[in-house]
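Okay, structure first, notes after.
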Amino acid sequence: MKHALTFLVLVLLFVLPVVVLVLVSLAPEWRFPDVWPENFSFRGLTYLARHKKQILTSLSSSLLFSLLTVLTTLVMCLFPASVFARNQFPGKALLEGLLLTPALVPPMTFAMGLHFLFIKFSLADTLVGVVLILAMFSYPYMFRSLVAGFQVMGEGYGICAKNLGASPLSVLLQVELPLLMPAVIAGGSVVFLVAFSEYFLVFLIGGGSVASFTGTLIPLLNSSNRSLAAILTLIFLFLPIVLFLIIDMALVRVYRKKGMVVS
Amino acid sequence: MSWTSKHFLGLSPLILPYLVLFCGGVFLTFCQSFGVLTPLPYGGGALDAYVKLMGDPSFFASFFFSLGVAAVSALFSVLAGTFLAYRVWQLPRQLATAALVYKIPLILPHISVAFVILVFWSPSGILASMAHSLGFIQTLQQFPNVLYSGWGIGMILAYTLKGIPFAMLLVMALLVRFDIRQVQTAAMLGASGLRIFFTIVLPRLAPAMHTGFIILFLYSFGAFDIPYILSESRPGMLSIHVYNLYFKHDLARRPEAMAILVIMFCFALVFIIAYSKIVNHLDNGVRKL
């Protein structure tokens, strides 16, 4: 009984919205005071098909800059995370605190100042500019995840490879990075979600030249075309889930192949 | 225990972008608020923008409104999230997998969560229809004006819906390491469910709750996406105020927009430091962030 109540709350809070979105996407004419739509139609899907090109362009653009952001944060954080996990130096706690601030302070506060710099260096309205600003705002999640990953892994594997004559770079790339994959994926998923769902920063720095899925969705949200908005929102929900599942399965497969333990 | 060139080299991929992009960005925001390095040469004095803001009651209204929306939504999120996480933790194994649905709003972008709130709470939305069919209201006009009440309730609902799963995630991370036998022992010794929750479980979850509160509070305080969909005309959130000054007015008002950002930035820093200090003081040095 107690558990049933917990489930009821979870369903009302988190599942009901999705059910309603599915209904809205299939019933464009669902209006007050009907609790259940009177008739269903595929008009929303027809709209989707008609604007296929624009939607696919913005979706692939969003996917591209989000994945590039994940990659950028990984490159930024890999070495520093290993230094942080394995060394003690003066001011470490302060430095760590400072390095986490970009995820805490409102991103507008540095993005709008940077906008000026990006215009000067022709980075505004470019993919590179968008990736840089998103990486700057989301890297702390990758950083924390990698530091934890290095700490869990310990130094044994690296020392062993070094003794066998591996260079520091190949220790990191060939020995430690594969072992760190779970941490990379954990941090990367958060970075991906942050980048994929951000509207304002992409709008500010991308200035319309860099298409984004959020930018396509925004004008629809307050329009009468609620069906299409609901369909796009559902894509926002299921695309990352599918992506995460694929990555998860691929990781398990690779680990099995190498005879490693999947945690 | 000291800095070596290896440390510098190893940290540089992160420190360099941090200095150039983050510190540089903040620095430029400061500069422009003083009328330096603005797109158009600025004729006035360095503190003009701040003087203007301090004499502007609508700025203070916006500031405290943002503060209120952020505080209420972060508080609700953390309290509800902690309680739900505790209940989910107690679920038997088979059911726990199904409880993963709590992650849905984590995946949805903020603008989509705002859309969900619109669909449910708008005067002709789902809840109005339900109220009608249950006989609580007869016409559209009788449904309480939740989204445009002037209290930011729509935004609070959206931030809370997005924030609860986030708080749950943080709290769950602590709960997996929590020994259920502590709860069982307390129950055997005759403690009530409430007593167990408040004296045994809650103190151990406090670090995650504080982290969650800081992150959610500061995010809602300064973010743009949800207010852009759900904001009422006035008092608006600070981010909307800045957006209007930056994009909709002429360039001469750029320093004002930047001055608001500077105040938001300083407020965020002071908040982080003060909050961590107070909490540290309360429970002797457990790290929060």
Side-chain angles (χ1 to χ4, degrees), chain A residues 3 6-7 9-11 13-15 17-18 20-21 24 31-35 75-80 82-83 87-90 97 99-102 104-114 116-117 132 136 139 143 193 196-197 199-200 214 217-218 221-222 226 229 233 236-237 240-241, chain B residues 1-3 7 10-11 13-14 17-18 21-22 24-29 32 37 84 87-88 91 95 99 101-102 104-105 107-112 115-116 118-119 124 126 128-130 132-133 140 161 164 214-215 218 221-225 229 239 242 246 258 261 264-265 268-269 272 289:
Chain A
H3 295 326
T6 309
F7 259 97
V9 173
L10 288 177
V11 167
L13 271 179
F14 307 129
V15 181
V18 179
V20 167
L21 284 176
V24 170
R31 291 281 176 273
F32 182 86
D34 302 333
V35 181
V75 172
M76 278 165 72
C77 297
L78 191 57
F79 280 104
S82 85
V83 172
N87 295 285
Q88 293 299 328
F89 46 83
L99 285 174
L100 295 180
T101 42
L104 291 177
V105 298
M108 260 185 160
T109 55
F110 63 91
M112 283 188 150
L114 264 189
F116 177 78
L117 194 75
L132 282 179
M136 205 56 227
Y139 79 81
F143 184 66
L193 283 179
F196 194 59
S197 58
Y199 166 71
F200 180 73
T214 40
L217 179 57
I218 276 257
L221 293 181
N222 273 320
R226 292 203 314 179
T233 296
F236 256 125
L237 179 63
I241 294 181
Chain B
M1 258 312 270
S2 67
W3 280 81
H7 292 152
L11 290 173
L14 193 51
Y18 179 82
L21 295 177
F22 181 68
V26 172
F27 176 72
L28 283 169
T29 304
Q32 292 194 33
L37 288 175
L84 269 176
R87 296 298 293 262
V88 168
L91 289 176
L95 291 176
V101 292
Y102 83 86
I104 289 173
I107 300 175
L108 283 177
H110 284 89
I111 53 170
S112 298
F115 177 61
V116 167
L118 271 182
V119 169
S124 59
I126 308 291
S129 301
M130 284 181 175
H132 178 84
S133 70
L140 271 180
L161 183 58
I164 288 176
I214 293 178
I215 294 176
L218 287 177
F221 176 70
F224 176 81
D225 292 8
I229 310 284
S239 53
V242 173
Y246 194 90
M258 293 304 186
L261 289 177
M264 286 164 76
F265 181 81
L269 282 192
I272 298 170
L289 283 168

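Quick note on labels: first sequence line is chain A, next is B, and so on, each numbered from 1.
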Largest heavy-atom contact set with chain B, pairs under 4.5 Å, which of [options]:
{"options": "A:Tyr139, A:Phe143, A:Phe116", "value": "A:Phe116"}
{"options": "A:Val18, A:Ile218, A:Val9", "value": "A:Ile218"}
{"options": "A:Phe200, A:Phe79, A:Phe236", "value": "A:Phe200"}

What part of [X] gets closer than 4.5 Å to chain B, counting heavy atoms only: side chain, backbone, both or neither?
{"X": "A:Leu193", "value": "side chain"}
{"X": "A:Met108", "value": "both"}
{"X": "A:Leu221", "value": "both"}
{"X": "A:Val105", "value": "both"}
{"X": "A:Leu99", "value": "both"}

Pairs of heavy atoms under 4.5 Å with chain A: top-ranked of [options]:
{"options": "B:Ile126, B:Ile104, B:Val88, B:Val26", "value": "B:Ile104"}
{"options": "B:Pro105, B:Ala128, B:Gly10, B:Ala268", "value": "B:Gly10"}
{"options": "B:Phe265, B:Tyr102, B:Phe22", "value": "B:Phe22"}
{"options": "B:Ser133, B:Gly222, B:Gly24, B:Pro109", "value": "B:Pro109"}
{"options": "B:Leu269, B:Leu84, B:Ile111", "value": "B:Ile111"}

Could you look at [X] and say if it's the side chain, the backbone, both or neither that has a heavy atom under 4.5 Å from chain A?
{"X": "B:Ala99", "answer": "both"}
{"X": "B:Tyr246", "answer": "side chain"}
{"X": "B:Leu21", "answer": "both"}
{"X": "B:Tyr18", "answer": "both"}
{"X": "B:Leu118", "answer": "side chain"}
{"X": "B:Met258", "answer": "side chain"}
{"X": "B:Val119", "answer": "both"}

With a 4.5 Å cut-off on side-chain heavy atoms, are [Y] and [X] touching?
{"X": "B:Leu161", "Y": "A:Phe14", "answer": "yes"}
{"X": "B:Phe115", "Y": "B:Ile229", "answer": "no"}
{"X": "A:Cys77", "Y": "B:Leu14", "answer": "yes"}

For [X] versus [Y], what's the shortest heavy-atom pair and its separation?
{"X": "B:Leu28", "Y": "A:Gly113", "answer": "CD1-O, 3.4 Å"}
{"X": "A:Phe110", "Y": "A:Pro102", "answer": "CE2-O, 4.1 Å"}
{"X": "B:Pro13", "Y": "A:Met76", "answer": "CB-O, 3.6 Å"}
{"X": "A:Arg226", "Y": "A:Val24", "answer": "O-CG1, 3.8 Å"}
{"X": "B:Ile107", "Y": "A:Leu237", "answer": "CG2-O, 3.7 Å"}

Take atom CZ in B:Phe27; do more than 12 heavy atoms of anything else shown fall under 6.0 Å from it?
no
Between [X] and [Y] (side chain of the first, backbone of the second, donor and acceptor by atom type, cut-off under 3.5 Å), is there such a pair?
{"X": "B:Asp225", "Y": "A:Tyr199", "value": "yes"}
{"X": "B:Thr29", "Y": "A:Thr109", "value": "yes"}
{"X": "B:Ser112", "Y": "B:Leu108", "value": "no"}

